[in-house]
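These values consider heavy atoms only, across backbone and side chains, with no hydrogens, waters or symmetry-generated copies. This structure is a prediction, so every number in the text was calculated from the model and none was measured. Letters A, B, ... mirror the listed sequences (proteins, then strands); counts begin at 1.
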There are 2 protein chains.
Amino acid sequence: MTSVEEPARPNGRIRDAARTKAEILDVATQEFARAGYDGARVDEIAALTRTTKRMIYYYFGGKEQLFTTVLERAYGVIREAEQGLDVEHLDPVAAIRRLAELTFDHHEAHPAFIRLVSIENIHGAQHIAGSEKLGKIGSPALDVIRRILETGRESGLFTADVDAVDLHAMISSFCFFRVANRHTFGALFGRDLVDPARHEHYRSMLGDMVIAYLTADRAEH
Amino acid sequence: MTSVEEPARPNGRIRDAARTKAEILDVATQEFARAGYDGARVDEIAALTRTTKRMIYYYFGGKEQLFTTVLERAYGVIREAEQGLDVEHLDPVAAIRRLAELTFDHHEAHPAFIRLVSIENIHGAQHIAGSEKLGKIGSPALDVIRRILETGRESGLFTADVDAVDLHAMISSFCFFRVANRHTFGALFGRDLVDPARHEHYRSMLGDMVIAYLTADRAEH
DNA sequence: CTATCAATGTACGAACTAGTACGTTAGCTA
DNA sequence: TAGCTAACGTACTAGTTCGTACATTGATAG
């Protein structure tokens, strides 16, 4: 997410639209994730930037459009990560477990993104709805899941009657909750869901859960 | 959550501290859930009340304390519901499924509560941390889960090595995500997770998932 | 070398928003 | 029925916050 690094241009170039825009987006991402849409302050974003508030309005139009752009970029990052998904060479069980683990890792690695999604839901996904880039784009992961499910069912390994979207929801649920609700959960139950010591525990718990669900003996219960 | 109903007092009594406080809390709950902590407006809460802003400060001290009180009351509602949990007469498998279903139903029935929890997490659970009533109160459901898990393991039905807190997290994840993220999920994947037509589907999906996880044949994979 | 425009900075304003000072009254009690 | 106090209302303020009018400058084309 930190797309702005120092100069890279030894000559003291001062005007650089791309860098200014990227820096605003980086700072805005952190500020919106930190405080929510209404809690975020345009002046604060500007202050944490090497440019001024004027530039935010010059490039993005306003607070609302800035937030939308922040969201678009954040979703772009997962899409990219999902593009690089390479699990279909594995057998269906291993492939699903690997996919779940990658989803797990990605959620843990991008808490700011998780917060942005929470915030966007508080506002009824109105920014996604108003964005051309984000309307019903689906997700590359869905296609991967679809194909694995098909293979798994053909081979008789998978007995569950789910489609890719619902399985994606199931996997995301666990990953999302753990990161998004860690504060209230920790405060109420005294357990830190993102404690590094429990990292592997939860990672395999997710895989076990999904595999158990997909391969369960349906006749039994 | 609507604890304020009309008069109930035929004599035109105007001053009623309890009713005024309850009405403020009802309205505040909706307003905070609607717009988030910073998005909520004290003036708006007052306007939707039969009293004035002065009373909010008179009874609650300020916006922050009002939000804390709203949270305390909201958590009180689930605790009460969980007190009434009566599933231990069932066999372990049926008991866990029933518990999952009740959790599922409760989440669906209280979307405002879910939103408040999301909002509180955005703010690092600072209000829960600062509340005497909410610090590490745990949950009645946890004790129930603990006992069912024990019975299930003794009988050999449950093979999974989980404790009650983690199982509670697993169940809550699914229920919470479905309600909290329905807007972004719907906008991105075109599927409404709270569509009444899919209600039963997701309800049994949750039960299947939890039972499959708990009873999976651990030797196999 | 200079004209031009994208890029940038400064300073300000209008509207909003949490919170409060001060005054009033209902209803209970002695 | 007089008096007291919890309960309530009005009007205001100090500070904040998004947004903009206006001025300026760096870099590039010709």
Side-chain angles (χ1 to χ4, degrees), chain A residues 4 7-32 34-70 119 123 126-127 130, chain B residues 3-4 7-32 34-71 119 123 126-127 130:
Chain A
V4 172
R9 292 289 293 272
N11 60 340
R13 187 178 184 175
I14 295 178
R15 305 201 158 187
D16 185 337
R19 204 225 58 187
T20 301
K21 282 172 79 166
E23 184 171 357
I24 291 172
L25 282 176
D26 284 344
V27 173
T29 299
Q30 292 307 311
E31 172 71 0
F32 279 124
R34 183 187 67 78
Y37 178 78
D38 290 289
R41 299 289 164 240
V42 177
D43 283 300
E44 180 66 12
I45 294 171
L48 293 174
T49 288
R50 269 170 295 179
T51 182
T52 65
K53 185 166 55 157
R54 176 71 184 78
M55 287 298 98
I56 294 173
Y57 289 89
Y58 182 68
Y59 284 122
F60 301 98
K63 189 180 181 181
E64 202 102 13
Q65 295 103 302
L66 176 61
F67 184 73
T68 300
T69 311
V70 163
I119 291 160
H123 296 89
Q126 59 174 110
H127 304 95
Chain B
S3 32
V4 172
R9 290 291 291 271
N11 60 342
R13 187 177 184 177
I14 295 177
R15 305 197 159 190
D16 186 337
R19 205 225 57 188
T20 301
K21 281 172 78 167
E23 184 172 356
I24 291 172
L25 281 176
D26 284 344
V27 173
T29 299
Q30 293 307 312
E31 173 70 1
F32 280 124
R34 184 187 67 77
Y37 178 77
D38 290 289
R41 297 290 164 240
V42 177
D43 282 301
E44 180 66 12
I45 294 171
L48 293 173
T49 289
R50 269 170 297 179
T51 183
T52 65
K53 183 166 57 158
R54 174 74 182 76
M55 288 297 98
I56 293 174
Y57 289 89
Y58 183 67
Y59 285 122
F60 300 99
K63 189 181 183 181
E64 202 102 14
Q65 295 102 306
L66 176 61
F67 184 74
T68 300
T69 311
V70 163
L71 266 186
I119 292 160
H123 296 90
Q126 60 173 109
H127 304 95

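- Where B/Thr51 and A/Lys63 meet DNA chain D, the nucleotide closest to each residue was compared, and B/Thr51 sits on the side nearer the 5' end.
- A cation-pi arrangement is absent between A/Lys63 and A/Phe32 under the rule of less than 6.0 angstrom and at most 45 degrees off the ring axis.
- The shortest distance between side-chain heavy atoms of B/Thr49 and B/Ile56 does not fall below 4.5 Å.
- Between B/Ile119 and B/Phe67 there is a side-chain heavy-atom pair separated by less than 4.5 Å.
- If you measure from atom CD1 of A/Ile24 to atom C1' of C/dA7, you get 11 Å, rounded to the nearest angstrom.
- Between the side chain of B/Glu23 and the backbone N or O of B/Arg50 there is at least one donor-acceptor pair closer than 3.5 Å.
- A search for salt bridge (charged side-chain N to carboxylate O under 4.0 Å, His left out) contacts involving A/Lys53 returns A/Asp43, not counting sequence neighbours.
- The phosphate of C/dT8 has OP1 or OP2 within less than 4.0 Å of a side-chain N or O from A/Tyr59.
- Summarising the geometry, the separation between CD on B/Glu23 and P on D/dC8 is reported as 10 Å, rounded to the nearest angstrom.
- An OP1 or OP2 oxygen of D/dT20 is reached within less than 4.0 angstrom by no side-chain nitrogen or oxygen of A/Tyr57.
- In the set C/dA18, D/dA7, C/dT8, the nucleotide with an atom closest to the side chain of B/Lys53 is C/dA18.
- Residue A/Tyr58 contributes atom OH, which lies 18 Å from atom P of D/dC22 at whole-angstrom precision.
- Atom pair B/Glu64:CD and C/dT17:C1' shows a separation of 15 Å (rounding to whole Å applied).
- Scanning for salt bridge (charged side-chain N to carboxylate O under 4.0 Å, His left out) contacts around A/Arg54 gives an empty result, with sequence neighbours left out.
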* Asked: Could you go step by step and tell me if A/Val70 and A/Glu31 meet the side chain to side chain contact (heavy atoms under 4.5 Å, CB included) rule?
  -> CA-CA 11 Å; A/Val70 163; A/Glu31 172 71 0; over 6 Å; no

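- Atom CZ in B/Phe60 sits about 16 Å away from atom P in C/dA18, given to the nearest Å.
- If you take CG of B/Leu66 and C1' of C/dT17, they are 15 Å apart, rounded to a whole angstrom.
- Nearest-nucleotide positions on DNA chain D place B/Arg54 closer to the 5' end than the other of B/Arg54 and A/Arg54.
- Each of C/dA18, D/dC8, D/dG9 was ranked by its minimum atom distance to the side chain of B/Thr52; first place goes to D/dG9.
- The stretch residues 41-48 of chain A touches DNA chain D through A/Arg41, A/Val42, A/Asp43, each having a heavy atom under 4.0 angstrom from the strand.
- Atom C1' of nucleotide D/dC18 and atom CD of A/Glu31 are separated by 14 Å, given to the nearest angstrom.
- Straight-line distance from the CE atom of A/Met55 to the P atom of D/dC18: 17 Å, rounded to whole Å.
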